[in-house]
There are 2 protein chains.
Amino acid sequence: MLTNAKLVHQPHDHERCISAALSRAKALCAEQNVRLTTTRELVLRLLWQSHQPLGAYQLQDQLAEHINKPVAPPTVYRALEFLLRLGLIHRIPSLNAYIGCPFPNNEHSNLFMICNQCGTAAEVADKAVNKLLQCVSDRSHFTLQSQSLELFGLCPQCSNITEAPGYD
Amino acid sequence: MLTNAKLVHQPHDHERCISAALSRAKALCAEQNVRLTTTRELVLRLLWQSHQPLGAYQLQDQLAEHINKPVAPPTVYRALEFLLRLGLIHRIPSLNAYIGCPFPNNEHSNLFMICNQCGTAAEVADKAVNKLLQCVSDRSHFTLQSQSLELFGLCPQCSNITEAPGYD
DNA sequence: GCATAAGGTGTTATAATATAACAATAATTG
DNA sequence: CAATTATTGTTATATTATAACACCTTATGC
């Protein structure tokens with residue numbers, strides 16, 4: 001099972017997450033012979049500022065603040081589209097939000113564990129999950145092409161807080 | 001594995017789907033002591049007119065046509081909210097669309113197989129899937145509360161058409 | 001039965017998310 | 001360096017969803 005769950009749910013050197021993501025992005029763009037322009041890189045950076053998915057309009061605000069001039073929605077959506085196409089980020093449909101992918105190029109499950117409390121989202125890639133869903137599809141003669149799997153609940157930290165005995 | 005896939009993907013007596021859904025709804029409302037008002041029942045009926053998820057604004061149009069007077073969005077969304085709360089319908093996040101639930105009251109997987117071609121969506125409830133996802137969550141100490149699983153691909157019918165040899 | 005409360009609907013306005021279309025600019029290629 | 005291609009800017013608008021408040025209908029207690 002490939003996952004960034006531990007990283008996401010514990011204090012860690014987040015600068016490393018960011019720089020790793022950026023160097024992966026640069027490598028991938030070079031390989032694919034496409035351009036990681038300033039805007040695209042900035043949007044990717046912004047998405048990697050935390051492990052919480054961000055909406056397009058949050059990105060718009062942050063981007064505008066960053067470059068110190070107004071940004072129109074298409075600018076953001078184009079960058080997102082580009083990053084999505086390369087697999088550098090994911091869209092989480094039930095949140096209308098976007099998040100950096102911690103392991104692009106790997107076999108994906110497109111599976112996220114999203115904390116209802118703190119909003120963090122950890123990604124999981126798991127062969128057993130993929131296999132089982134392939135099997136479910138096969139049984140119904142359904143030709144599986146892609147998937148989007150979202151688990152909602154409480155991350156370890158928020159679970160502990162919630163479960164802790166109160167003072168009542 | 002509990003699924004309506006065969007029904008969805010083959011010609012069938014759809015009137016039975018509709019009437020079954022309605023009687024389930026009536027039973028559930030009686031049991032829960034809530035009211036299946038005209039609007040709510042109509043929205044449920046409309047959702048059951050096919051096995052394709054419908055958007056809120058498609059429902060709005062159809063509803064307006066049906067009762068022969070304009071309908072405002074809140075009317076639709078209120079009915080949807082009610083039906084969702086009772087588990088009579090599901091929302092499919094990546095489509096922003098709604099669909100009738102073929103087996104409310106059962107253990108759910110919230111797993112849909114959605115045809116990219118014809119748009120039909122079959123639901124699957126599978127203990128193995130639930131168990132595996134529970135296990136994935138456990139391994140990360142994630143307290144699973146709910147899930148949304150969407151498989152995209154081709155239904156059996158559309159697979160056949162696509163795979164059939166062409167005339168080129 | 002009737003007053004009251006609770007639940008449901010109508011209506012208007014608006015928020016939040018996303019895309020279309022076209023002009024302008026920058027980068028790449030021959 | 002001209003021509004092509006890719007990218008960005010800009011304006012407008014589509015799509016999905018909700019807030020707020022007035023009004024009406026149904027259930028409930030007396």
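So you know, we letter chains A, B, ... as the sequences are listed, proteins then strands, and number each from 1.
- When the C1' atom of D/dT8 is taken as reference, atom CG of A/L42 falls 14 Å away, rounded to whole Å.
- Taking atom CZ of B/R40 as the reference point, atom C1' of D/dT26 lies 12 Å away to the nearest angstrom.
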Sub-3.5 Å pairs of nitrogen or oxygen atoms, protein against nucleotides 16-23 of chain D:
{"unit_1": "D/dA17", "atom_1": "OP1", "unit_2": "B/R91", "atom_2": "NE", "d": "3.2"}
{"unit_1": "D/dA17", "atom_1": "OP1", "unit_2": "B/R91", "atom_2": "NH2", "d": "2.1"}
{"unit_1": "D/dA17", "atom_1": "OP2", "unit_2": "B/Y77", "atom_2": "OH", "d": "3.0"}
{"unit_1": "D/dA17", "atom_1": "OP2", "unit_2": "B/Y98", "atom_2": "OH", "d": "3.2"}
{"unit_1": "D/dA17", "atom_1": "O5'", "unit_2": "B/Y77", "atom_2": "OH", "d": "3.3"}
{"unit_1": "D/dA17", "atom_1": "N7", "unit_2": "B/Y57", "atom_2": "OH", "d": "2.3"}
{"unit_1": "D/dA17", "atom_1": "N6", "unit_2": "B/Y57", "atom_2": "OH", "d": "3.4"}
{"unit_1": "D/dA20", "atom_1": "N6", "unit_2": "B/R78", "atom_2": "NH2", "d": "3.2"}

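- For A/N116, the side-chain hydrogen bond (donor to acceptor under 3.5 Å, both in side chains) partners two or more places apart in sequence, or in a different chain, are B/Q145.
- Taking the six-membered ring where tryptophan is involved, the planes of B/F112 and B/H90 are perpendicular, since the angle between them exceeds 60° and thus also 30°.
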Could you pull out all donor-acceptor pairs under 3.5 Å where a side-chain atom in residues 27-50 of chain A meets a protein atom, sequence neighbours excluded?
{"unit_1": "A/R40", "atom_1": "NH1", "unit_2": "A/R35", "atom_2": "O", "d": "2.6"}
{"unit_1": "A/S50", "atom_1": "OG", "unit_2": "A/Q52", "atom_2": "N", "d": "2.9"}

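- The nearest whole Å value for the distance from the NZ atom in A/K69 to the P atom in D/dT8 is 11 Å.
- Formation of a donor-acceptor pair under 3.5 Å by the B/H141 side chain with backbone atoms of A/P156 is not found in this model.
- The separation between A/L84 atom CG and C/dT19 atom P is 10 Å, rounded to whole Å.
- If one axis is set at each end of the helix from C/dG1-D/dC30 to C/dG30-D/dC1 from five pairs, those axes are 30° apart, to 10°.
- Checking the phosphate oxygens (OP1, OP2) of D/dT8, a side-chain nitrogen or oxygen of A/T37 falls inside 4.0 Å.
- Put simply, A/T75 has a side-chain N or O that comes within less than 4.0 Å of OP1 or OP2 on D/dG9.
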Quiz item: So B/D138 and B/Q134, side-chain hydrogen bond (donor to acceptor under 3.5 Å, both in side chains) or not? Walk me through it.
Solution: CA-CA 6 Å; B/D138 288 346; B/Q134 182 63 58; 3.0 Å; yes
Less than 3.5 Å apart, which donor and acceptor atoms pair up between the side chains of residues 65-77 of chain B and the rest of the protein, not counting sequence neighbours?
{"unit_1": "B/T75", "atom_1": "OG1", "unit_2": "B/A72", "atom_2": "O", "d": "3.4"}

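- Checking side-chain atoms of B/H108 against main-chain N and O of B/N106 turns up a donor-acceptor pair under 3.5 Å.
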Extract from the structure each pairing of a protein N or O with an N or O of nucleotides 25-29 of chain C at less than 3.5 Å, listing the distance.
none

